[in-house]
Amino acid sequence: MGDSQTPNSADLARYLEQRGELGKPWMLQLLRLTKIKEAKDTMEPGQYMALLQEAHADLMRLGEFWRGREAELFGGKYQPTALIEPLPGSPEDR
């Protein structure tokens with residue numbers, strides 16, 4: 001890891017993979033933000049802000065992921081839904 005409190009993206013990815021956490025959307029967002037942070041010095045300020053805004057918008061959409069699934073996800077009784085959201089081609093799909 002580096003000298004900071006947060007691991008670099010390679011270490012974080014390896015850790016998430018070992019723990020089987022790569023299927024959790026909030027963990028993928030953490031990895032994404034880490035990669036953006038690492039690349040900040042090689043980007044134009046506008047590009048950096050655009051990537052952060054896009055990541056923020058995606059993170060805010062995760063709020064819908066939790067709706068109605070709190071007990072299932074936090075109670076240790078995980079069962080994936082039969083329907084994967086957002087539906088391909090829907091306005092929410094990018």
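Note: hydrogens, waters and symmetry copies are ignored here, and every other heavy atom, side chains too, is used. Nothing here was measured: the structure is a model prediction, and the numbers come from that model.
The distance from atom CG of Leu12 to atom CD of Glu17, rounded to the nearest 0.5 Å, is 11.5 Å. Of the inter-residue distances, the one linking Thr34 atom OG1 with Gln29 atom CD reads 10.5 Å to the nearest 0.5 angstrom.
Taking every heavy atom of both residues into account, Ile36 and Leu52 meet most closely at CG2-CD2, 4.0 Å. Between Pro25 and Leu62 the shortest heavy-atom distance is CB-CD2, 3.4 Å.
In this structure the side chain of Arg32 reaches within 4.5 angstrom of the side chain of Glu54, judged on heavy atoms. With contacts defined as side-chain heavy-atom distances shorter than 4.5 Å, the pair Leu30/Leu33 does not qualify. Using a 4.5 Å heavy-atom threshold, the side chains of Leu28 and Leu22 count as touching.
Hydrophobic clustering (side-chain heavy atoms under 4.5 Å, transitive across Ile, Leu, Val, Met, Phe, Trp, Tyr) groups Met27 together with Met60.
Applying the side-chain hydrogen bond (donor to acceptor under 3.5 Å, both in side chains) rule to pairs touching residues 38-52 yields Ser9-Glu38, sequence neighbours excluded.
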